[in-house]
Structure formats: C-alpha cells, structure tokens
Amino acid sequence: QVQLEESGGGLVQAGGSLSLSCAAAGRRYYAMGWFRQAPGKERDFVAAISDSGGHTFYGDSVKGRFTISRDNSKNTAYLKMNSLKAEDTALYYCAADSPLIGPAMKATDFGSWGQGTQVTVSS
C-alpha cells in the first residue's frame with residue numbers, strides 16, 4: 001500500500017505544456033503510472049514507468065507528446081505534457097503498486113491511487 005498525492009493540474013491553452021507531480025509515501029521502489037478520466041468515459045492509460053525508471057510505456061493518444069519520469073531520491077513521479085490538445089482535458093490520476101508494466105496497462109493492474117488532479121486544455 002502506497003499513499004499517493006498528485007499536484008500540478010490546472011488550465012492551459014492548446015499547444016502549451018504542463019507538468020504533473022506524484023508524491024509517494026510508503027514503499028520507495030515500485031512501478032508507477034498515470035491514468036486519466038473524462039466525465040462519462042473510462043479511466044484510460046497514459047503512461048507507466050518501472051521502479052528504476054529504466055523502462056517507460058505510453059498510451060497511443062499521448063505517445064510523442066508526454067514524458068513520464070521519476071526521481072527516487074524524492075520518491076516522486078512526474079508527467080511532462082507537451083503540445084496539449086483539448087481532448088487531453090481530464091482528471092489525471094497517479095497509480096502505483098503494479099508488479100509489471102507494459103504498453104497496455106489497465107486500472108486494475110495498480111493497487112494504489114491518488115485522488116486525481118484536473119487538467120483543462122482550452123482552445
């Protein structure tokens with residue numbers, strides 16, 4: 001069980017950038033990920049990173065625009081979002097406690113979740 005808290009969400013214009021942070025308390029070495037959910041839609045996979053940071057995976061809709069990273073000395077994961085589009089608007093959740101990561105993560109793969117941080121992209 002890992003306690004997670006996201007921060008960094010906000011309002012940004014299309015084409016802009018935004019960075020999210022996920023501070024973790026508890027176990028320090030574990031795979032982490034980001035998911036997002038818009039109203040009335042499923043919680044979709046955004047990105048995942050291995051415990052060491054050596055392996056990353058991205059959902060098709062964000063590949064090439066978003067970058068996941070982590071700083072284990074700070075026990076924090078990050079999501080750098082570039083070239084934002086209106087369709088990126090969603091509540092973004094940090095997740096942890098997945099034993100494995102890959103290119104098609106599901107929400108049920110992760111055992112710990114943050115409360116979410118809202119990202120709104122305007123045109």
*State which residue, out of L91, L11, L20, T89, fulfils the side-chain contact (heavy atoms from CB on, under 4.5 Å) condition with V119.*
L20

*Is the backbone N or O of N72 less than 3.5 Å from a side-chain atom of N75, with the two atoms forming a donor-acceptor pair by type?*
no

Show the nearest heavy-atom pair for residues [X] and [Y], with the distance to one decimal.
{"X": "R65", "Y": "S83", "result": "NH1-O, 3.0 Å"}
{"X": "F45", "Y": "G102", "result": "CZ-O, 4.0 Å"}
{"X": "I101", "Y": "I49", "result": "CD1-C, 3.4 Å"}
{"X": "R70", "Y": "S50", "result": "NH1-O, 2.8 Å"}
{"X": "S98", "Y": "A31", "result": "O-CB, 3.5 Å"}

*side-chain contact (heavy atoms from CB on, under 4.5 Å) partners for E42, two or more places apart*: D44

*asked:* For K80, give me all partners under side-chain contact (heavy atoms from CB on, under 4.5 Å), at least two apart in sequence or on another chain.
replied: S17, S19, T67, N82

Quiz: residues 111-118 side-chain donor-acceptor pairs under 3.5 angstrom, not counting sequence neighbours:
| residue | atom | partner | partner atom | Å |
| --- | --- | --- | --- | --- |
| S112 | OG | V2 | N | 3.1 |
| S112 | OG | V2 | O | 3.4 |
| S112 | OG | D97 | OD2 | 2.4 |
| W113 | NE1 | F110 | O | 3.4 |
| Q115 | NE2 | E6 | O | 3.4 |
| Q115 | NE2 | E6 | OE1 | 3.4 |
| T117 | OG1 | G9 | N | 3.1 |
| Q118 | NE2 | A90 | O | 3.4 |
| Q118 | NE2 | T120 | OG1 | 3.4 |

[X], [Y]: one ILVMFWY side-chain cluster at the under-4.5 Å cut-off?
{"X": "W34", "Y": "V62", "value": "yes"}
{"X": "Y78", "Y": "M81", "value": "no"}
{"X": "L79", "Y": "L4", "value": "yes"}

*What residue pairs, at least two apart or across chains, pass disulfide (SG to SG under 2.5 Å) with a residue in residues 66-123?*
C22-C94

*What pairs meet the disulfide (SG to SG under 2.5 Å) rule with one or both residues in residues 39-68, with sequence neighbours excluded?*
none

*ring pair (Phe, Tyr, Trp, His ring centres under 6.0 Å) between Y93 and F35: does it pass, once the steps are laid out?*
CA-CA 5 Å; Y93 294 92; F35 287 74; 8.8 Å; no

*Nearest 0.5 Å please: distance from the NZ atom of K85 over to the OG atom of S123.*
12.0 Å

Output a table of donor-acceptor pairs, distance under 3.5 Å, between side-chain atoms of residues 53-61 and any protein atom two or more places apart or on a different chain; print 'none' if there are none.
| residue | atom | partner | partner atom | Å |
| --- | --- | --- | --- | --- |
| Y58 | OH | I68 | N | 2.9 |
| S61 | OG | R36 | NH2 | 3.2 |

